[in-house]
K.L.:
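One structure coming up, written as structure tokens, with questions to follow.
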Amino acid sequence: MKSNFAHRMILALLVALCLSLSVPMMAQEAPKSPDTIKVGILHSLSGTMAISETTLKDVLLMLIAEQNQKGGLLGKQLEAVVVDPASDWPMFAEKARDLLTRDKVAVVFGCWTSVSRKSVLPVFEELNGLLFYPVQYEGQESSKNVIYTGAAPNQQAIPAVDYLLGEGVKRFVLVGTDYVFPRTANKIVEAYLLKNGVAQEDIITYYTPFSHSDWQSIVADIKRIGGSGRKTAVISTINGDANVPFYKELAAQNISASSIPVMAFSVGEEELSGVDSKPLVGHLAAWNYFQSVDKPENSEFIVKWKEYIKDPKRVTNDPMEASYIGFNLWVKAVEKAKTTDVDAVLKALVGLSTPNLTGGVAKVLPNHHLTKPVLIGEIEDNGQFQVVWSTEGEVEGDAWSDFLPESADLISDWTPPINCGNYNEKTKTCLGAEKPAEEKK
Amino acid sequence: MRSLARLINVFLSLSLFFGLVLGSLGLLGELKAARSDDSPVDPPMVTTGEASTAEGAITEVVSNPESPMESPMESPTELSPAVLESLASSKVADRDVAIQALGRDDSDLAGVLLEGLLKGRLYLDRPSGALYLGETSNLALTWPNNGPLKPANPRKVAVNNRQRETIESLLGTRSLRDPDPKVRRAVSRALIGAPLTNSSLIQEFLSQETDAETKDNLKIILALGTLKDPNQNPAAKLTAINDLSGLYAPAATDDLKALAQGSDPSLATAAAQALRRLEAKAQHLALAETIFFGLSLGSVLVLIAIGLAITFGVMGVINMAHGEMAMLGAYTVWGLQTLWPQSPGLALIMALPAAFLVSGLVGGAIEMTIIRPLYQRPLETLLATFGLSLILQQAVRKGVSSMNVAVVTPAFMSGQWRLTANLSVTQGRVLIFFFCLLVFALVYLVLRKTRLGLEIRAVTQNRGMARALGVPSRRVDTLTFALGSGVAGVSGVALSQLTNVGPNLGQDYIVDSFMVVVFGGVGNLWGTLVGGLIIGLANKFLEPINGAMLAKITIMVGVILFIQRNPLGLFPQRGRVASF
């Protein structure tokens with residue numbers, strides 16, 4: 001009897017602990033009041049993706065607080081509704097539905113991984129919501145209800161490959177985590193390399209499980225491939241956690257950035273802040289923003305961010321800039337439309353532009369992507385990037401890759417008369433809700 | 001009460017022992033590392049006077065090639081304004097010109113500037129045009145002598161990877177004059193595969209060289225240059241291929257492949273032959289490497305599974321929070337390194353006993369509060385410990401940071417050991433392998449040779465009888481669990497050197513460690529050791545065949561099939577006492 005009692009006590013304790021951990025998140029779901037405009041924030045605050053997504057939640061809260069200080073929007077205060085989808089993809093769809101139906105938010109900023117975006121997409125389309133998606137992604141998608149403020153492949157992967165080709169690289173090793181972004185990005189990169197005269201046998205691809213930590217064999221292979229004469233570079237679409245052991249193994253096997261450079265598409269300042277970055281010096285990353293970009297608007301943003309988060313060591317990164325741009329665009333669009341009605345705001349958004357943090361302008365294109373500059377940075381020993389190359393002006397985001405046969409003829413245009421996310425320019429038809437053949441497989 | 005004190009005493013002295021033995025192991029590693037000739041060699045200053053005006057493509061910017069200098073640091077060379085201008089330019093191509101010009105300049109100053117460029121320590125003061133070396137906070141005027149001591153607006157002169165490669169090659173060629181054969185050996189090895197900047201200079205060095213290995217390396221460098229050069233005639237290429245016979249030069253693979261398919265028949269056969277020799281040698285090396293990688297992966301698996309072999313194997317508790325005990329160990333390293341930022345190596349060594357204590361104490365507390373009421377109820381134990389693992393993860397996320405934390409890899413854990421001329425192994429991995437064997441031996445000794453071990457075995461074999469004989473079974477349970485958790489904490493210290501230290505660290509390893517324990521045979525430490533090494537080796541032999549993803553799945557399927565036929569694993573517990 002006694003042990004049974006103790007058992008119940010323990011269970012009660014466990015439940016209490018779980019509750020106490022989730023209370024701060026629930027506390028932010030304030031009661032509804034009619035005088036505010038609600039802004040939904042759909043980023044994971046627990047689970048594997050918390051490492052990246054928590055920061056974006058903080059950035060948005062900072063921007064909302066700042067907007068409220070300026071007097072809010074349309075004479076109303078903004079109210080953040082923060083939910084935690086806990087890095088669980090189906091939960092993203094559930095929470096998105098909650099935000100749109102129960103909380104009736106005017107707009108949602110959220111998602112990080114492609115699979116979470118794919119999971120909420122039907123919800124936003126069904127309920128006619130508005131989502132600002134702030135992360136670089138694989139493209140091959142365009143939704144009426146989503147504004148893609150991160151880079152499309154032609155705003156990251158293609159310029160990065162151009163840079164490497166310009167540096168005399170003849171052989172490419174594509175290493176990625178096994179999921180949709182690396183697979184699609186690598187397909188585009190491979191098609192582009194073949195088109196640029198790189199032989200098929202000089203493109204070698206490796207995929208690994210999530211959180212892969214034993215890189216010995218793959219790095220030894222890279223060393224062998226790179227050491228057989230032709231100038232070799234690695235294009236890495238390795239996701240999050242697996243990066244540190246990868247770079248550590250490169251260093252352990254004495255591979256320097258000058259002999260075999262690694263160009264990464266998912267390694268930014270935030271990822272480097274958890275790493276002893278000495279072994280990484282000289283390796284590359286392609287983004288649309290770096291903290292080290294020396295522009296007054298950027299310095300101002302960095303100062304504000306460090307003040308808000310009360311930690312002078314915190315860094316800024318590309319998805320944060322994308323969130324910043326997205327929020328400013330939405331505010332401008334609402335001011336222009338004089339309402340938060342989704343259709344009116346979407347109509348106001350196309351063609352709207354706002355300054356980005358690197359001295360240029362982010363303009364919303366008819367395909368719901370933005371114009372962005374592309375920067376190539378080399379990792380420095382302080383975990384920051386030194387920009388070694390950048391595009392002349394901004395590059396227009398292309399939803400459908402021109403280098404894959406199945407999407408070469410597709411465009412996206414959400415303005416009349418086309419008003420379609422996957423319009424075939426050859427046949428002059430809109431494929432509509434029907435997904436193109438490649439996606440169905 | 002006295003027996004509790006005694007047990008705690010054993011616990012404490014064990015952790016001290018860990019610390020001492022491993023400390024000496026670490027120091028040994030550090031000494032070894034210092035002696036290893038593979039450690040990076042800073043290209044030393046170049047002695048002046050040896051006039052060797054290089055023939056280069058660019059001739060318009062040559063700065064004083066013939067002016068002799070007695071003491072260059074006091075009266076620096078005249079840097080031509082053209083070089084300076086191209087150095088200050090924001091265009092990459094202009095800086096290329098400057099680097100080439102500096103490379104052809106034989107002076108000390110040029111060497112110092114190149115090295116500064118390579119290490120990102122060279123700053124240019126825009127208004128005055130003076131050059132400075134050092135960090136932003138501490139810049140020393142380098143050129144010219146009469147420049148302002150404090151720069152007004154210093155900007156780092158940036159170089160990219162390709163330029164760094166060129167600079168390394170230029171500096172390397174200079175260092176081939178070094179009197180120390182070890183330096184020459186290391187430099188010549190590094191120059192293989194790098195762009196050949198000056199072949200006649202290398203030829204000259206080769207004729208003067210006395211060290212056998214350096215000679216071989218220089219021969220390879222020259223032969224590679226000939227093979228790559230499209231202007232060389234077939235006869236010269238044939239000589240180059242012959243020069244390479246007997247040497248192992250994987251960097252020639254691509255060029256040999258191209259020649260083997262070329263139009264010249266005699267050249268093609270020679271190239272094909274050389275290629276076959278090369279590939280046979282490469283295969284042998286790859287096999288040796290694979291075995292090392294397999295043993296290393298296996299040792300990591302064994303290390304994290306040993307703790308589980310105690311809690312799950314010996315006690316029969318399904319502890320889903322085992323990975324989090326390892327995570328706590330890894331965070332201990334981070335904590336100590338934050339306390340003593342100036343000596344990360346010492347912090348790492350001290351983290352071994354500290355992590356054993358931290359994880360052991362947490363483990364003991366978990367046993368007393370959560371697991372004890374749930375003995376004989378495996379499903380509830382599983383759920384409760386799973387919940388606990390989530391709580392511990394989220395606690396670290398809220399308490400420390402949801403970000404990964406930076407753990408420094410000290411010098412003795414990085415770098416490579418050269419076993420033969422062409423086979424090197426990663427120093428940190430070798431240390432972890434031996435560390436794993438040591439931990440295994442210690443745990444084995446504790447279970448076999450100490451009073452605590454005797455009591456643990458007595459309690460697990462027959463709880464009632466042990467209690468009747470006066471063994472305090474509850475305390476033994478707590479200490480067994482604390483021991484298992486403590487060993488998991490120690491494995492976390494090792495993991496901190498290989499992977500991320502973050503809230504998810506434990507999760508990534510929990511499945512693997514259960515797999516090792518079940519495969520090896522529940523309740524048998526030897527099974528864990530052999531099972532872990534077998535799984536590691538199998539994984540590494542499968543990976544080249546079907547990729548990392550499929551290799552993992554294949555291993556999983558293999559283990560399941562094996563367990564179906566042999567439910568008790570590799571080393572089943574036999575006899576009367578086996579209750580599983």
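Keep in mind the model is a prediction, meaning the values are calculated, not measured. In what follows, chains are A, B, ... by sequence order, proteins preceding strands, each numbered from 1.
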K.L.:
Between A/Y207 and chain B, with a heavy-atom cut-off of 4.5 Å, which part of the residue counts as in contact: side chain, backbone, both or neither?
P.N.:
backbone

K.L.:
B/I366 versus B/L388: any side-chain heavy-atom pair under 4.5 Å?
P.N.:
yes

K.L.:
As an exercise: rank B/E543, B/K552, B/M413 by heavy-atom pairs under 4.5 Å with chain A and give me the winner.
P.N.:
B/E543

K.L.:
Tell me, with the steps shown, if B/V300 and B/L495 meet side chain to side chain contact (heavy atoms under 4.5 Å, CB included).
P.N.:
CA-CA 8 Å; B/V300 174; B/L495 285 182; 3.7 Å; yes

K.L.:
Just checking B/F541: does its CZ atom have more than 12 heavy atoms from other residues, nucleotides or ligands closer to it than 6.0 angstrom?
P.N.:
yes

K.L.:
When rounded to the nearest 0.5 angstrom, what is the spacing between CD in B/Q427 and OG1 in B/T409?
P.N.:
12.0 Å

K.L.:
Please flag which part of B/Y375 lies under 4.5 Å from any non-hydrogen atom of chain A: side chain, backbone, both or neither.
P.N.:
neither

K.L.:
Are there residues of residues 214-222 of chain A that reach to under 4.5 Å of chain B by heavy atoms, and which ones?
P.N.:
A/D214, A/Q216, A/S217, A/I218, A/A220

K.L.:
If you count heavy-atom pairs under 4.5 Å with chain A, which of B/P250, B/A249, B/P503, B/P544 comes out on top?
P.N.:
B/P250

K.L.:
A/A251 versus chain B, heavy atoms under 4.5 Å apart: side chain, backbone, both or neither?
P.N.:
neither

K.L.:
Identify which of B/N160, B/T253, B/T426, B/T499 forms the greatest number of heavy-atom pairs closer than 4.5 Å to chain A.
P.N.:
B/N160

K.L.:
In terms of heavy-atom proximity below 4.5 Å to chain B, should A/Y163 be classed as side chain, backbone, both, or neither?
P.N.:
side chain

K.L.:
Does any heavy atom of chain B fall under 4.5 Å from the side chain of A/D202, the backbone, both, or neither of them?
P.N.:
neither

K.L.:
Heavy-atom cut-off 4.5 Å, strictly under: side chain, backbone, both or neither for B/V159 against chain A?
P.N.:
backbone

K.L.:
Using non-hydrogen atoms and a 4.5 Å limit, figure out which bit of A/T54 sits close to chain B: side chain, backbone, both or neither.
P.N.:
side chain

K.L.:
Strictly distance-based, threshold 3.5 Å: is any side-chain N or O of A/S292 a donor or acceptor partner for the main-chain N or O of A/F385?
P.N.:
yes

K.L.:
Where on A/E167 is there a heavy atom nearer than 4.5 Å to chain B: the side chain, the backbone, both, or neither?
P.N.:
both

K.L.:
Taking B/D96 first and then B/R162, would you say they form a salt bridge - that is, a charged N and a carboxylate O separated by under 4.0 Å?
P.N.:
yes

K.L.:
Considering only heavy atoms and a distance below 4.5 Å, find which of B/Q163, B/E289, B/R164, B/K257 pairs most often with chain A.
P.N.:
B/R164

K.L.:
Can you tell which part of B/L498 gets under 4.5 Å to a heavy atom of chain A, answering side chain, backbone, both or neither?
P.N.:
backbone

K.L.:
So, A/R171 versus A/S228: side-chain donor-acceptor pair below 3.5 Å or not?
P.N.:
yes

K.L.:
Quick one: ring pair (Phe, Tyr, Trp, His ring centres under 6.0 Å) partners of A/F172, sequence neighbours excluded?
P.N.:
none

K.L.:
Under 4.5 Å heavy-atom distance to chain B, tell me which part of A/S52 shows up: side chain, backbone, both or neither.
P.N.:
neither

K.L.:
Is it true that B/E279 and B/Q283 share a donor-acceptor pair across their side chains at a distance under 3.5 Å?
P.N.:
no

K.L.:
Whether the A/N243 and A/S266 side chains hold a donor-acceptor pair (N or O, under 3.5 Å, no angle test) is what I'd like checked.
P.N.:
no

K.L.:
For A/Q253, does its backbone N or O pair with a side-chain atom of A/K223 as donor and acceptor, under 3.5 Å?
P.N.:
yes

K.L.:
Are the side chain of A/E53 and the backbone of A/H43 linked by a donor-acceptor contact shorter than 3.5 Å?
P.N.:
no

K.L.:
Flag the one option from B/K228, B/Q393, B/R429 with the top tally of heavy-atom pairs under 4.5 Å to chain A.
P.N.:
B/R429

K.L.:
Side chains of B/L278 and B/Y248: does their closest heavy-atom pair fall under 4.5 Å?
P.N.:
yes

